Structures are given as C-alpha cells and as structure tokens.
Number of protein chains: 2
Amino acid sequence: MATNESYLEKKVISIGTVCELTGLSERRIRYYEERKLIFPERTNRGIRKYSFTDVERLMDIANKREEGIQTAEIRKEYMKEKKYNERTMREQVIRGQLNAYFRTRE
Amino acid sequence: MATNESYLEKKVISIGTVCELTGLSERRIRYYEERKLIFPERTNRGIRKYSFTDVERLMDIANKREEGIQTAEIRKEYMKEKKYNERTMREQVIRGQLNAYFRTRE
DNA sequence: CGTGTAAGGAATTCTGACACG
DNA sequence: CGTGTAAGGAATTCTGACACG
C-alpha cells in the first residue's frame with residue numbers, strides 16, 4: 001500500500017497513450033517538446049516517456065493554445081511559475097533553519 | 001494541480017516499462033496474467049497496459065514466489081483479501097445509511 | 001508448474017522533410 | 001508559427017510453441 005505521490009512524476013507513459021489521455025496528436029506533443037514546454041525522458045532506445053504531471057501540463061498547454069497564446073508566451077509563463085516555486089521552496093528551507101536555530105536556543 | 005488518486009489505477013504503462021519497474025521478465029508478467037493474478041487492460045490493437053497498482057501487485061507476487069508460494073496459492077490469498085475489502089466497503093455503506101437515518105430523526 | 005527462448009508478424013515510435021498559412 | 005502527412009527504419013509487443021525440470 002505504498003501510495004507514493006512520486007508516481008505522478010514517474011515517466012512511464014508512451015506517446016500513444018498520452019495522445020489518448022490528452023486528445024492531442026503525436027505531432028503536437030512532440031512539437032511542444034521542441035518548443036521547450038514539456039520534457040519527456042527517453043528509454044535507452046530513444047522512446048519518449050511521459051509522467052501524469054506531463055499529461056496535465058499538456059492539457060494546460062492545449063487550453064492556452066486554444067486561447068490563442070503562442071508557445072513562446074506559454075514558456076514564459078511557466079518560467080515565471082518555476083521561479084515563484086523555487087523562491088517559495090528556498091523560503092521554506094530558511095524558515096526550517098530558523099526554527100531549528102531558535103529551538104536549540106530555548 | 002488535480003492530484004487525483006485514480007492515477008494509481010489508470011492502465012497506461014506498457015509491458016517493457018513494467019519490466020524495468022519490477023525487474024520481472026515479460027514472460028513472467030504475462031504468465032501471472034494467465035494465472036489470473038493480474039489484469040491489464042488492452043488497447044484496441046491488443047497491447048497490454050498496466051497501472052501503478054498493477055506494478056505494486058507484481059512486486060508482491062514476485063516476493064511471494066520467492067518464498068516458494070505457488071501461483072494458485074497466491075490467487076487464493078488475493079481472493080480472500082478481495083472478499084475482505086468488499087465486506088468492509090459494504091459495511092461502510094450501511095454505516096453511512098444508518099447515520100443518515102438517525103440524522104433525519106433528530 | 002514456472003520460466004526461458006527463438007520465430008514471425010503486427011503495431012508503435014522516431015526523425016527529417018514537405019506543405020499550408 | 002503551429003500542425004498535418006507520407007516515408008522508411010528501428011524498437012516494441014503479441015501469440016503459440018518447444019524446452020527443461
């Protein structure tokens with residue numbers, strides 16, 4: 001019963017299945033990779049593998065494309081989100097360190 | 001951020017990837033299906049697809065096999081677990097109905 | 001019983017390119 | 001720019017069978 005959340009990040013789904021899950025064509029999925037919006041892993045032999053998180057991102061990309069947003073613009077949005085997340089994570093680390101510091105002083 | 005747990009049940013992994021995840025051979029994985037221990041879905045064209053839950057079960061099967069337990073025996077164990085789970089679920093439904101009943105009487 | 005392997009065919013995936021707009 | 005498509009090859013998967021123990 002090891003319900004490990006990291007399953008969401010495991011790159012195990014091949015492109016045909018991703019097509020079914022997202023409704024996108026292989027062409028579009030590969031193209032979004034070319035535009036640095038999505039980063040599948042590859043097997044030894046070069047077969048792309050995607051995670052469930054990738055599938056969700058692809059659906060998000062499809063929505064944004066429908067709104068007429070270009071891939072370059074979508075990439076910028078993701079970069080901003082990434083920076084925001086990294087900042088948040090750094091702050092959490094610092095908060096943890098501060099907590100540890102004050103605990104030792106009590 | 002729809003962290004839907006049903007991802008664990010989604011049959012999206014093809015047998016080659018399952019081999020890597022579990023360390024089992026394709027032969028063994030297909031054989032355990034023949035023995036009714038595991039139930040992958042099939043694509044239109046007949047390609048087997050497994051879920052993360054299936055992967056976990058396969059590792060469990062492998063452990064039991066290592067202990068020398070035969071597949072028929074393993075199947076019986078799973079049938080017992082299944083019955084137990086079904087009973088538990090039925091009881092939960094009944095409990096819910098009872099709660100609803102007494103709430104309306106208050 | 002449980003697993004390996006070779007065999008041949010079918011389905012999947014890959015890349016690079018041409019097309020259209 | 002974003003996506004479709006035909007092309008040819010490489011990798012994957014499938015089934016049924018023979019082998020061993």
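Here the structure is a predicted model, which means the values were calculated and not measured. Proteins get letters first, then strands, A, B, ... in listed order; numbering begins at 1 in each.
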What I'd like to find out is whether the side chain of A:Tyr31 reaches to under 4.5 Å of the side chain of A:Arg27, using heavy atoms alone. yes
A:Tyr50 OH - C:dT12 P separation (whole Å): 16 Å
Under 4.0 angstrom, heavy atoms only, what part of the nucleic acid is A:Thr43 near: base, sugar-phosphate, or nothing? nothing
Mind checking A:Arg30 for me? I need base, sugar-phosphate or nothing, with any heavy atom below 4.0 Å counting as a touch. base
With the side chain defined as heavy atoms from C-beta on, A:Ile47 is closest, among C:dC14, C:dG2, D:dG2, to C:dC14
Rounding to 0.5 Å, atoms CG (B:Asp60) and OH (B:Tyr78) come to a distance of 3.5 Å
Note, A:Ile61 side chain near A:Ile74 side chain (heavy atom, < 4.5 Å): yes
Would you indicate whether the side-chain heavy atoms of B:Phe39 and B:Tyr32 approach each other to under 4.5 Å? no
Hey, which of these two, A:Arg42 or B:Ile69, hits DNA chain C nearer its 5' end, going by closest nucleotide? B:Ile69
Between atom CD in B:Glu33 and atom C1' in D:dC14, what is the gap in whole Å? 11 Å
Just N and O in the side chain of A:Arg48: are any of them under 4.0 Å from OP1 or OP2 of C:dT13? no
With a 4.5 Å cut-off on side-chain heavy atoms, are A:Lys64 and A:Glu73 touching? no
Nearest-nucleotide wise, let me know which of A:Gln70 and B:Lys49 is further upstream toward the 5' end of DNA chain D. A:Gln70
Is DNA chain D part of any stem, that is, at least 3 consecutive Watson-Crick or G-U pairs with both distances under 3.5 Å, and where? C:2-5 with D:17-20, C:17-20 with D:2-5
Charged N to carboxylate O below 4.0 Å: is that the case for B:Glu34 and B:Arg30? no
Within the structure provided, determine whether B:Ile29 and B:Tyr50 are in side-chain contact (heavy-atom separation under 4.5 Å). yes
Just N and O in the side chain of B:Arg45: are any of them under 4.0 Å from OP1 or OP2 of D:dC14? no
Tabulate atom names and distances for all N/O pairs under 3.5 angstrom spanning the protein and nucleotides 3-6 of chain D.
from, atom 1, to, atom 2, distance (Å)
D:dT3, OP1, A:Arg28, NE, 3.3
D:dT3, OP1, A:Arg28, NH2, 3.4
D:dT3, OP1, A:Tyr32, OH, 3.2
D:dT3, OP2, A:Tyr32, OH, 2.8
D:dT3, O4, A:Arg27, NH2, 2.9
D:dG4, OP2, A:Ser25, OG, 2.5
D:dG4, N7, A:Arg27, NE, 3.1
D:dG4, O6, A:Arg27, NH2, 3.1
D:dT5, O4, A:Arg27, NE, 3.2

Taking atom NZ as the centre, does B:Lys49 end up with more than 12 heavy-atom neighbours from other residues, nucleotides or ligands that are less than 6.0 angstrom away? yes
Describe, in one word, how the ring planes of A:Phe52 and B:Phe52 are oriented to each other, choosing from parallel (under 30°), tilted (30 to 60°) and perpendicular (over 60°). tilted
